[in-house]
Enquirer: 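This is the structure, below, for whatever I ask next.
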Amino acid sequence: MTIRFDDPNRPNSYIGRTVPRPNAGKLVAGQGRYVDDITLPRMVHVAFVRSPHAHARIVSIDVGDAQAAKGVVRIVDGTEMATICTPWEGKLAHLQGMKTPPQHALAVDRVRYLGEPVVAVVARTRAEAEDAADLVVVDYDPLPAVTDLMTALDADTPIIHEGYEDNLCFRRTNEAGDVDGTFAGAHKVVEGWFKSGRHTGVTLEPRAIVADWKAGEAELTAHVSNQAPHMLQVLLAKHLDLPESRVRVVCGDVGGSFGVKVHVYPDEVATAALSKMLGRPVKFTADRLESFLSDIHARDHEATGRIALDADGRILGFDVDDWAAIGPYSIYPRTSAVEGLQVTNLIGGPYAFDHYRVRSSTVFQNKGICAQYRAVGHPVAVAITEGLVDKAAHEMGIDPVEFRRRNVIRDDAYPVSTVAGLKLEGLSHEKSLDALVEAMDYDALRAEQAELRAKGIHRGIGIASFIELTNPSPFMYGIGGARISAQDGCTVRMDPDGSVVALTGVTEQGQGTEAIMAQIVAEAVGIRPHMVRVVTGDTRVTPFGGGTWASRGAGIGGEAALRAGRALRDQILEVAASMLQGKAAALDIRDGVIVDAETGEDRLPIEEVGRIVYFRGDTLPPDLPRELMQTRHYITSNYPYAFTNGVQASLVEVDPDTGFVKLLKHWCVEDCGRIINPQLVDEQIRGGIVQGIGGALFEEVCYDAEGQMLNGSMADYLVPMSGEMPDMVIRHIETPTEEGALGAKGAGEAGTAGAPAAIMNAINDAIRPLGGEVTAMPFTPERILRALGRIRD
Amino acid sequence: MTDAFRNRIDLTFTVNGEQVEATVPAGRHLIDVLRLDLGLTGSHAGCEHGVCGACTVLVDGAPVRGCLTLAAQVQAAEVWTVEGLTDTGAVADLQAAFVARNALQCGYCTPGMLVAAKALVERETVPSRAEIREHMSGNYCRCTGYEAIVDAIETAARARAGEATE
């Protein structure tokens with residue numbers, strides 16, 4: 001029996017409703033258990049001696065004084081570490097031509113970025129470990145640092161890796177149609193240059209791991225602040241030479257992740273290796289400076305692009321050359337090539353056109369490693385696309401909303417294969433634009449803008465349409481040989497009293513995974529959500545899965561939960577039918593009671609089934625299946641990704657004397673398919689928007705030409721705070737995916753994908769009449785004043 | 001002078017209404033005393049720079065940064081953390097409003113947010129949204145985008161003032 005999600009009056013209708021998160025109560029009471037809250041018997045602490053140079057040869061390491069310092073337990077350098085921990089390479093086989101060298105847990109012979117871990121110092125307390133780390137003397141022979149993106153491949157630029165011909169990690173060109181001919185013959189060609197500042201995740205909880213090797217059991221337990229426990233289990237087993245079943249990764253409460261915590265970090269692997277060496281628990285918690293130095297960075301891109309138009313303002317083609325700087329290594333195991341790869345796929349995503357050429361070049365730098373961060377590549381691609389689209393609309397004299405209406409892929413055109421090669425199942429750009437215009441009262445805002453302009457108040461309205469990749473299949477990583485799971489699973493078990501435990505392979509970092517899983521299982525089984533206890537983040541008990549990333553939790557994990565819950569329901573009904581000497585098909589479960597499906601009449605409380613199965617199974621027919629525990633795994637198969645879409649708008653006021661941008665309001669209409677919990681989706685969108693605003697206005701990891709970081713603290717690296725952020729209006733269109741019964745696509749990244757472009761277009765809408773334009777993020781007051789010609793030096 | 005005399009201090013103060021005696025390293029900050037010595041892990045260290053507000057606790061009634069306060073400064077003081085404020089019900093309405101509005105995601109900033117917000121809802125008058133945003137602008141949240149936090153605080157403040165919420 002299928003569930004009629006479109007009928008709000010159906011029984012057990014929890015999917016689609018706002019229900020509270022079961023884990024919120026403990027978090028507001030301060031009863032969360034984050035990794036740094038864990039203290040184990042005999043636990044020691046590790047601090048890392050990190051490279052003070054962006055690029056240098058390690059001449060010698062003297063640990064004599066450090067060894068003698070108070071509380072020191074063990075000091076390990078890269079050479080010793082390499083004897084028990086193998087290096088890794090972040091490569092995917094399907095990314096042809098990609099290269100990256102082996103990366104060690106602790107640097108061997110050479111350091112290639114500021115903050116690279118060189119020596120591990122283990123002591124009784126973190127303070128003692130830090131004090132002793134200060135006494136380690138490393139003699140470095142500095143080498144030239146490669147820190148400029150656009151000259152990374154020049155002939156006179158030093159090559160970071162010995163044996164390589166250049167500093168190119170990966171390059172891809174995605175080309176279709178007749179680009180040169182189309183641009184040559186176009187009515188109009190509009191060009192632009194765009195830059196996205198290197199920024200980082202700044203999770204409030206820093207990365208942390210407590211590794212606990214128990215020699216007696218030959219088992220490693222790692223409590224880690226991470227999004228993908230099974231991935232980490234497999235990789236720790238591989239690099240520490242352990243059977244996978246002897247590595248248990250536990251991800252309890254995680255204080256924010258956003259992609260920062262889905263990667264393999266050398267200091268975390270070193271901590272696990274140290275526990276194995278010492279035979280006792282070892283804790284590492286990054287401090288804030290270490291976070292800035294060693295958490296992944298992202299979005300260090302620079303691009304030139306052009307858009308070709310016909311006389312009616314219809315887009316004919318895009319031609320973009322994108323460059324991305326990463327660190328000296330590609331991240332493991334996902335690779336640092338995916339951000340650029342996404343740009344080659346996503347340019348022009350919302351629009352119908354026939355000619356396409358996007359090249360992206362990913363180059364090595366002596367800086368921190370760049371990798372997947374919330375909405376991977378999307379903010380870059382959307383900013384290039386929507387920057388060009390807005391500029392084109394302006395130069396054609398067409399209203400930006402009208403320009404988009406003319407060019408978006410029609411809602412009735414799906415399924416569509418785009419010129420960039422994307423398979424789109426069903427999107428709603430037209431409906432989304434309509435909803436946005438209505439939510440904004442667009443015409444009134446334009447009128448108000450004109451009135452205020454006459455009074456010398458410079459407001460701008462910026463629009464950004466976007467598509468967003470969610471629910472990835474193995475096409476993303478699996479086909480490249482990475483042991484990153486695209487499938488996911490859920491086990492549901494009914495306990496004797498009729499309450500249910502649900503174990504899921506997807507994880508919780510605050511999105512509300514536990515809430516939606518409880519809703520889905522409750523509806524699938526026919527009980528109330530509070531009767532479902534959800535367990536996440538423990539590889540010993542949860543079904544093997546991918547974890548939470550790429551907006552896959554609801555769509556993949558949710559579908560598995562739905563199927564497992566339905567299987568449990570069917571099993572409960574089969575037993576109940578036997579007890580009632582009736583047919584299972586004539587029964588249903590509603591609010592925890594087995595009822596006659598036709599009349600709704602009560603037949604049996606669900607706990608009576610539990611009592612009979614678990615304690616009086618002798619009264620049931622011997623051949624009756626009685627597994628009140630069911631597992632289902634799910635993987636998408638028709639589409640490589642479930643794309644979502646949406647459109648954002650920003651209203652800003654720019655002060656041309658100070659360059660300050662005031663965010664007045666923000667709108668987002670998005671379509672993530674079936675909405676499981678409206679409040680949680682709205683808050684994912686809001687949080688994502690503000691994260692995008694951070695990149696647009698504030699956030700940039702600044703290095704000097706020698707590769708020294710200039711702003712490695714929260715006093716210097718600006719993030720969005722409550723005072724500057726706007727209220728946000730969120731609206732939804734629902735176009736469910738038909739791949740699964742649930743119909744959910746991802747919602748976690750759409751806000752971040754579109755916000756920077758909307759902010760950029762709004763600022764330019766405000767300052768274009770003053771003769772200014774900004775396209776290099778973050779749009780600081782200084783950059784805006786320069787664009788306006790108010791600062792010239 | 002012995003090393004122990006120079007490097008360690010004896011503290012007597014009150015935490016969550018209970019008297020505490022502890023001997024701690026002289027360089028210890030309040031957040032570390034709470035977390036490491038007293039096992040009160042509800043308050044979090046975020047930036048150790050006084051910027052993010054995750055370590056905000058009450059000292060003699062005022063919200064302070066646990067990461068900037070030396071342990072020696074709380075000698076004889078009265079300290080309240082989220083654990084104690086939860087037990088006494090002092091912020092129960094704020095906590096309920098945060099849960100109802102989903103004004104937290106990962107929850108790491110929340111204990112500090114609640115301590116900072118407590119002063120706002122205890123005012124005589126209901127703060128405006130702009131005042132709430134300004135007052136809370138020393139507490140970093142990466143997850144929510146702040147609007148839900150502002151909503152939750154506004155709801156709790158209105159309820160305390162006897163106003164119906166919109």
Side-chain angles (χ1 to χ4, degrees), chain A residues 18 20-21 23-34 36-39 125 127 201-206 253-258 285 287-289 508-512 679-680 682-691 693-694 713-715 719-728 751, chain B residues 25 27-28 32 35-36 39-54 81-83 85-87 91 94-96 98-111 113-114 129-130 132-151:
Chain A
T18 290
R21 288 166 53 201
N23 47 344
K26 74 170 180 190
L27 298 177
V28 296
Q31 291 163 0
R33 190 173 187 246
Y34 304 90
D36 195 51
D37 299 341
I38 296 169
T39 300
T125 68
V202 200
T203 59
L204 188 49
E205 180 209 25
D253 290 312
V254 173
S257 52
F258 317 111
T285 302
D287 68 23
R288 189 52 61 182
L289 173 60
E508 169 82 271
Q509 299 89 35
Q511 304 91 332
Q679 183 188 54
L680 293 180
D682 282 0
E683 296 317 310
Q684 279 303 298
I685 302 296
R686 286 199 172 92
I689 288 170
V690 167
Q691 213 154 359
I693 290 172
S713 84
M714 286 193 66
V719 290
M721 302 297 277
S722 61
E724 294 81 27
M725 289 304 108
D727 282 345
M728 295 162 267
Chain B
R28 198 77 126 192
D32 293 328
R35 291 180 53 82
L36 302 178
L40 293 167
T41 54
S43 308
H44 301 131
C47 69
E48 299 165 274
H49 236 75
V51 181
C52 78
T81 69
V82 68
E83 289 92 344
L85 297 174
T86 300
D87 288 348
V91 289
L94 269 173
Q95 289 167 317
F98 268 59
V99 172
R101 182 59 189 86
N102 197 41
L104 68 151
Q105 291 184 23
C106 80
Y108 202 78
C109 72
T110 312
M113 288 277 177
L114 292 168
R129 290 180 72 80
I132 296 171
R133 285 191 176 276
E134 181 60 27
H135 180 90
M136 300 303 294
S137 66
N139 287 72
Y140 172 58
C141 168
R142 188 53 133 177
C143 302
T144 64
Y146 301 106
E147 186 170 336
I149 293 171
V150 176
D151 290 345

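Only heavy atoms go into these numbers, but all of them, side chains included; no hydrogens, no water, no symmetry mates. Residue numbers start from 1 in every chain, and the chains themselves are labelled A, B, ... in the order their sequence lines are given, proteins ahead of strands.
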Enquirer: What heavy-atom pair brings A:Arg288 and B:Cys47 nearest, and what distance separates the two atoms?
Expert: CB-O, 3.5 Å

Enquirer: Among A:Gly201, A:Gly25, A:Ala127, which has the most heavy-atom pairs under 4.5 Å with chain B?
Expert: A:Gly201

Enquirer: Tell me whether B:Arg129 at atom CZ has more than 12 heavy atoms from other residues, nucleotides or ligands lying less than 6.0 Å away.
Expert: yes

Enquirer: Top residue by heavy-atom pair count (under 4.5 Å) with chain B, among A:Gly694, A:Gly512, A:Gly255?
Expert: A:Gly255

Enquirer: Okay, side chain of B:Tyr108, backbone of A:Gly32: is any donor-acceptor separation there less than 3.5 Å?
Expert: no

Enquirer: Kindly compute the distance separating SG (B:Cys106) from CG (A:Asn23), expressed to the nearest 0.5 Å.
Expert: 11.0 Å

Enquirer: Can you tell which part of A:Asp682 gets under 4.5 Å to a heavy atom of chain B, answering side chain, backbone, both or neither?
Expert: neither

Enquirer: Side chain, backbone, both or neither: which part of B:Ala100 has an atom under 4.5 Å from a heavy atom of chain A?
Expert: backbone

Enquirer: I need the A:Leu204 CG to B:Thr110 OG1 distance, nearest 0.5 Å.
Expert: 9.0 Å

Enquirer: Go through the atoms of B:Ala96 and report whether side chain, backbone, both or neither lie under 4.5 Å from a heavy atom of chain A.
Expert: neither

Enquirer: Kindly say whether A:Met725 contributes a backbone atom to a donor-acceptor pair with the side chain of B:Arg133 at under 3.5 angstrom?
Expert: yes

Enquirer: Among the options B:Val150, B:Val51, B:Asp32, pick out the one with the most heavy-atom pairs lying under 4.5 Å from chain A.
Expert: B:Val51

Enquirer: Checking heavy atoms, do the side chain of A:Asp37, its backbone, both or neither come under 4.5 Å from chain B?
Expert: both

Enquirer: Grab the two heavy atoms, one from B:Cys143 and one from A:Phe258, that are nearest each other, plus how far apart they are.
Expert: SG-CZ, 3.7 Å

Enquirer: Between the main-chain N or O of B:His44 and the side-chain N or O of A:Tyr34, is there a donor-acceptor pair closer than 3.5 Å?
Expert: no

Enquirer: Report all side-chain donor-acceptor pairs from residues 683-690 of chain A shorter than 3.5 Å, counting only partners two or more places apart or in another chain.
Expert:
from	atom 1	to	atom 2	distance (Å)
A:Glu683	OE2	A:Arg686	NH1	2.8
A:Glu683	OE2	B:Arg101	NH1	2.9
A:Glu683	OE2	B:Arg101	NH2	3.2
A:Gln684	OE1	A:Arg374	NH2	3.2
A:Gln684	NE2	B:Gln105	OE1	3.0
A:Arg686	NE	A:Met728	O	3.2
A:Arg686	NE	B:Glu147	OE1	3.2
A:Arg686	NH2	A:Met728	O	2.9

Enquirer: Could you report the tightest heavy-atom contact between B:Ala45 and A:Pro206, atom names first, then the distance?
Expert: O-CD, 4.3 Å

Enquirer: Heavy-atom distance under 4.5 Å to chain A: side chain of B:Asp151, backbone, both or neither?
Expert: neither

Enquirer: Measuring heavy-atom distances to chain A, does B:Leu104 have an atom under 4.5 Å in its side chain, in its backbone, in both, or in neither?
Expert: both

Enquirer: At what distance, to the nearest 0.5 angstrom, does CD of A:Gln691 lie from OG1 of B:Thr144?
Expert: 10.5 Å

Enquirer: Checking heavy atoms, do the side chain of B:Thr41, its backbone, both or neither come under 4.5 Å from chain A?
Expert: both

Enquirer: Check whether B:Gln95 reaches the backbone of A:Val28 with its side chain - one donor and one acceptor, N or O, closer than 3.5 Å.
Expert: yes

Enquirer: Checking the side chain of A:Ser722 only, and the main-chain atoms of B:Ser137 only, is there a donor and an acceptor separated by less than 3.5 Å?
Expert: yes

Enquirer: Which one of B:Gly27, B:Gly42, B:Gly46 has the most heavy-atom pairs closer than 4.5 Å to chain A?
Expert: B:Gly46

Enquirer: Taking every non-hydrogen pair under 4.5 Å, which of B:Glu48, B:Arg35, B:Glu83 racks up the most with chain A?
Expert: B:Arg35

Enquirer: The test is side chain to side chain contact (heavy atoms under 4.5 Å, CB included); show your working for A:Thr203 and B:Arg142 and say whether it passes.
Expert: CA-CA 7 Å; A:Thr203 59; B:Arg142 188 53 133 177; 6.0 Å; no

Enquirer: A:Val202 versus chain B, heavy atoms under 4.5 Å apart: side chain, backbone, both or neither?
Expert: both

Enquirer: Looking at chain B, which one of A:Gly751, A:Pro720, A:Ser257 has the largest number of heavy-atom pairs inside 4.5 Å, strictly under?
Expert: A:Pro720

Enquirer: Go through it in stages, so that I can follow the logic: the residues are B:Asn102 and A:Arg21, the test is side chain to side chain contact (heavy atoms under 4.5 Å, CB included), and I'd like the CA-CA distance, side-chain angles, deciding distance and then a yes or no.
Expert: CA-CA 8 Å; B:Asn102 197 41; A:Arg21 288 166 53 201; 2.9 Å; yes

Enquirer: Working to the nearest 0.5 Å, report the span between OH of B:Tyr140 and CE of A:Met714.
Expert: 5.0 Å

